There are 2 protein chains.
Amino acid sequence: MQSSTHAGRAGRPRSAAADTAILAATREALVDLGWSRLTLGDVAGRAGVAKTTLYRRWAGKNELVVDAVAELFDELRLPDRGSLAADIEGVVLQFAAILARPEAKSGLMAVVAESTRDDALRERIRTSIVERQKRLVLEGRARAQARGELPPETDPAEAARTADLIFDVVAGAVVHRTLVSAQPADGEWVRGFTQVLLWGLASRPAESPAG
Amino acid sequence: MQSSTHAGRAGRPRSAAADTAILAATREALVDLGWSRLTLGDVAGRAGVAKTTLYRRWAGKNELVVDAVAELFDELRLPDRGSLAADIEGVVLQFAAILARPEAKSGLMAVVAESTRDDALRERIRTSIVERQKRLVLEGRARAQARGELPPETDPAEAARTADLIFDVVAGAVVHRTLVSAQPADGEWVRGFTQVLLWGLASRPAESPAG
DNA sequence: CGCTTTCGCTACGAGTCGTAGCGTAATACC
DNA sequence: GGTATTACGCTACGACTCGTAGCGAAAGCG
């Protein structure tokens, strides 16, 4: 999207340090004030830049918060723990830990809400957050198929639909648990969720002993 | 919460018609303006009441929208279609249809976002929306156990945890599909989702032919 | 060194917020 | 029926935020 060096442009380049400071200040303001009370003037003050600088770089509050929150999810990793269930549990716990942070909570849901009436914003969220993390699903599936834990996929279109479905189920469940039910997505919950995701409700539930 | 007849109170009672008009006007404003541009002054104008009347009944925009949106979900029903899979598909499709409406989209997510910093608001959402609809999960489970489709539950605490988990998975997945992925939760998607919910990813995926 | 772009700062009109104050309308109690 | 009590509609208000315009200065590019 935005090349950090501005390539062939003439004139004074935009300060990359200002970008970093502004996004950090945005997260800080989300923690202190939440979404609704967050003002661009406040963020500018925290970041040590002029308010006009913010408006030169971002169209508004929505776009700024999307960029500020997107950085939080880039720390997600898919560690190889030997089994699909363990891999899922690991990444879901990471996701839950990020969602538990106040800057992620109040920011993410608010921009999603706004995106229902702003196609450009929804696309920005998809490209900078959702699609970016869908890699985890694809990689996890590939690993599990190599291990023989999941059947290999025949139709690539069907495989893409399934990946989208998994992402909706995983991300949606964790978000709902954390934000709506307001309960921690801790180890116990994640184990139960993973069991349902892999073997469903109809199978016998206590396949593995308590641990 | 609020008795409609005001029981033993003296003085002029609050107009029930005003309540109805205000909530309807709120949903109308959500459709036209979305969450962020919705103002209480605008709602008052649409409802034909004074702005001060709104502030006398609701603490603010958040509480008003929660009440306006909560009414939308009361139309959810759990029709008996003979099998657990069919029952799930039926209620999920209803839920998706409600979420597809613009007044639900923009309103629900916004108040959830605000509730991350407002305990009273989160509790209001839980009691007037979430807990209210959890009946569907409990009823569906009971029916399926009567049919022998699900194993009977031994520990009541474990059963409650499972019901919460199911609700988080179902509601979360549909919300994520509709609002974040911005794809319709149509019959095809719901069939795939129900298969995963009942039999998991590890079981054979294509039990039923394409339809 | 000039050209170009960004930056910080100030100021501004427009819009919204939530409340106070007033006179009036509608009901409960006696 | 009279009176107390509460809700209602209306107007006005200070405080705040918004997003932009305009200015001089700063920082790279050629």
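This is a predicted model, so every value here is computed, not measured.
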Going by an N to O cut-off under 4.0 Å, is there a salt bridge joining A:Asp32 and A:Arg37? no

What about A:Thr52: does its side chain form a donor-acceptor pair under 3.5 Å with the base of C:dC7? no

Would you please say whether a donor-acceptor pair under 3.5 Å links the side chains of A:Gln94 and A:Glu75? no

Please report the distance, rounded to the nearest Å, between CG in A:Asn62 and P in D:dC18. 12 Å

The nucleotide from D:dT17, C:dC17, D:dG22 with an atom nearest the side chain of A:Thr39 is D:dT17

Whichever of B:Thr53 and B:Gly11 has the more 5' nearest nucleotide on DNA chain D, that residue is B:Gly11

Donor-acceptor pair present, B:Arg12 side chain and C:dA25 base, under 3.5 Å: yes

Among C:dG8, C:dT27, D:dG9, which nucleotide has an atom closest to any side-chain atom of B:Val49? D:dG9

Check this for me: does the side-chain of B:Arg56 come within 3.5 Å of the base of D:dG9 through a donor and an acceptor? yes

In whole angstrom, what separates B:Asp19's CG from D:dC8's C1'? 14 Å

Could you state the CG-P distance from B:Leu64 to C:dG18, rounded to the nearest angstrom? 12 Å

Round to the nearest Å and state the distance from B:Arg37 atom CZ to C:dC17 atom C1'. 18 Å

Side-chain N or O of B:Ser15 closer than 4.0 Å to phosphate OP1/OP2 of D:dC8: no

For atom CG of B:Leu54 and atom P of C:dA20, their distance in whole Å: 17 Å

On the nucleotide C:dT6, are OP1 or OP2 found under 4.0 Å from the side-chain N or O atoms that A:Arg14 carries? yes

So that I can tick it off, tell me whether B:Lys51 and B:Asp42 are bridged by a salt bridge, with the cut-off set at under 4.0 angstrom between side-chain N and carboxylate O. no

Side chains of B:Arg143 and B:Gln145 only: does a donor on one sit below 3.5 Å from an acceptor on the other? no

Check the distance between D:dA7's C1' and B:Tyr55's OH and give it to me in whole angstrom. 18 Å

Starting from C1' on D:dC16, measure out to NZ on A:Lys61 and report it in whole angstrom. 13 Å

Rounded to the nearest angstrom, tell me the gap between atom CG in B:Asp42 and atom C1' in C:dG18. 17 Å

Residues A:Ser36 and B:Glu114: side-chain donor-acceptor under 3.5 angstrom: yes

On the side chain of B:Lys51, is there an atom forming a donor-acceptor pair with the base of D:dG9 - under 3.5 Å, no angle test? no

